[in-house]
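Below is one structure, written out as structure tokens; comments come after it.
Worth knowing before you read on, the calculation uses all heavy atoms, side chains too, and leaves out hydrogens, waters and symmetry mates. Values in this document were obtained by computation on a predicted structure and should not be read as measured data.
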Amino acid sequence: MRRRGRAVPAALVAALSLLPAGRRNGFAHGGPAAAVTDDRLSGAGGTAPAPDRPGPRPTGRTGERGADAGESRPHAAPGRGTARERLRAWAELLRVSALFSVPGDALAGAAAVGRRPGRGSASAIGASLCLYEAGMALNDWADRDEDAVDRPHRPIPSGRISPAAALGAAGVLTAAGLALAARAGRPALAVATGLAATVWAYDLHLKHTKAGPAAMAAARSLDLLLGATATAEGAAPGAGTPGGGRLSDNVAGVTAAATAAAVPTPGTLTASLPALPAALVLGAHTYGVTAVSRHEAQGGSTGVPLAVLATTTALAAAVLGGGERSRRATDRKAVPQPGGTPGQDLFGQDLFGRGIPGRGIPGRATDPLRLLVIGLTGVYLRTAGPPLLHAALNPSPPLTQRAVGGGIRAMIPLQAALAARAGSPVTGLAVMGLVPLARSLARKVSLT
């Protein structure tokens with residue numbers, strides 16, 4: 001009996017010695033337990049592949065939100081699993097779940113100039129989407145060495161997308177965005193050119209400087225002004241597009257049109273000027289989100305989330321303010337539109353405080369438009385506020401990144417509130433319709 005008792009541990013040790021050597025973090029090379037690793041940085045709440053592990057690619061599922069690793073399955077259909085992996089990798093690289101925060105910029109800009117969204121607004125939305133995605137691809141290309149240490153699960157450091165492919169995608173998307181902006185006219189192309197230059201400057205250099213948050217704020221403000229300019233230009237008499245109406249003509253003439261559009265016409269500048277206050281509000285929110293995102297990998301910042309929370313509250317008060325100063329007179333130089341009058345800022349005044357006549361938020365508390373603005377602003381606070389507070393109380397990387405994701409999602413109700421505040425409730429409700437889509441896609445692809 002004693003010999004048999006000693007033989008059991010000896011056999012167990014011999015069996016364990018035949019298993020592959022494990023990593024120091026507890027995951028074995030090549031075994032099922034090595035297929036996943038904790039993905040707290042992605043904010044998805046699940047698991048993600050561990051791309052820094054040498055040896056064969058993981059098999060099976062990568063987690064409840066993961067994708068099938070078809071390449072490593074011996075019986076998988078040829079090419080099907082690979083295409084699925086590549087599609088998911090590009091979705092992660094381009095942050096497709098954050099795309100729904102982009103169309104509201106152009107729609108809020110159109111509402112700020114008192115226009116209904118039209119063909120110019122559609123071109124601006126398309127240009128904004130392309131330039132936004134170009135910035136996402138360029139961001140990961142520029143941060144590939146840093147991500148290899150802090151975020152090895154991302155597509156480039158994990159080897160799922162090559163750096164050359166990411167950089168090429170950024171260039172193609174930038175050209176497509178400028179071509180779409182050219183369809184809305186030369187002034188819109190000039191704004192889009194400035195937006196593209198800001199995006200590239202941020203990703204390649206400004207991101208790691210103190211000017212990084214300001215550059216991101218400028219990019220988001222320019223995006224709203226792009227929608228305002230394109231909408232105003234499209235509604236102007238005799239508005240045309242450089243190079244003709246076809247996309248191929250615009251692509252061929254982008255360079256010449258960009259040179260000619262360096263100085264937009266004074267009439268277009270005047271028409272898009274009322275959108276500047278809304279652009280500044282959206283830019284201020286973007287500044288705060290970017291400031292918090294600088295600590296999402298390491299955490300440790302308490303003061304920044306608190307400061308951004310205070311800024312968020314101040315922005316909500318700015319959107320709601322000014323109801324008592326609203327005036328009913330109509331500006332003779334403005335073109336009245338259903339539901340709103342251009343020429344007003346958030347407080348019923350022009351940029352210089354001279355009180356341009358306009359509707360503003362109706363003063364009665366029971367007015368439907370005022371109630372809608374209050375409701376949308378409340379959704380904005382509810383979306384951005386609690387994650388910021390949690391990050392301030394516990395500045396860990398997961399909670400800090402959750403605050404960043406909340407700030408990105410909060411852009412949609414903020415855009416909707418700005419549109420309704422400008423007198424376009426239908427546009428505001430249409431922007432809010434993007435929230436369920438963004439929430440559903442965010443469960444599959446991380447916002448950050």
Checklist entry - Do NZ/NE/NH1/NH2 and the carboxylate oxygens of Glu92 and Arg160 come within less than 4.0 Å? => result yes
Item to check | Partner residues of Tyr380 under the ring-ring contact (aromatic ring centres under 6.0 Å, His included) criterion, sequence neighbours left out | outcome: His285
Item to check | Pairwise side-chain contact, Arg95 with Leu99, heavy-atom cut-off 4.5 Å (strictly under) | outcome: no
Distance-only donor-acceptor pairs under 3.5 Å for side chains of residues 202-215, two or more places apart:
from	atom 1	to	atom 2	distance (Å)
Lys207	NZ	Asn139	OD1	2.7
Lys207	NZ	Asp143	OD1	3.2
Lys207	NZ	Asp143	OD2	3.0
Thr209	OG1	Leu206	O	2.8
Thr209	OG1	Ala211	N	3.3

Checklist entry - Under 3.5 Å, is there a donor-acceptor pair between the Ser128 and Asp105 side chains? => result no
Checklist outcome for this item: In short, Pro274 meets Ala112 closest at the heavy-atom pair CB-O, 3.6 Å
Next on the checklist: Are Val319 and Leu414 packed together at the side-chain level, in the sense that at least one heavy-atom pair is separated by less than 4.5 angstrom?
Outcome noted: yes
Next on the checklist: Here's one to test your reading of the geometry: is the NZ or CZ of Arg86 within 45 degrees of the ring axis of Trp90 and under 6.0 Å from its centre?
Outcome noted: no
Checklist entry - Do Leu399 and Ser396 touch side chain to side chain, with heavy atoms closer than 4.5 Å? => result yes
Item to check | Minimal non-hydrogen separation, Ala278 against Leu418, with atom names | outcome: O-CD1, 3.8 Å
Checklist entry - Just wondering, do Pro413 and Leu376 contact through their side chains at under 4.5 Å, heavy atoms? => result no
Please list every donor-acceptor pair under 3.5 Å in which a side-chain atom of residues 168-176 meets a protein atom from a residue at least two apart or in another chain.
from	atom 1	to	atom 2	distance (Å)
Thr174	OG1	Ala170	O	2.8
Thr174	OG1	Trp200	NE1	3.0

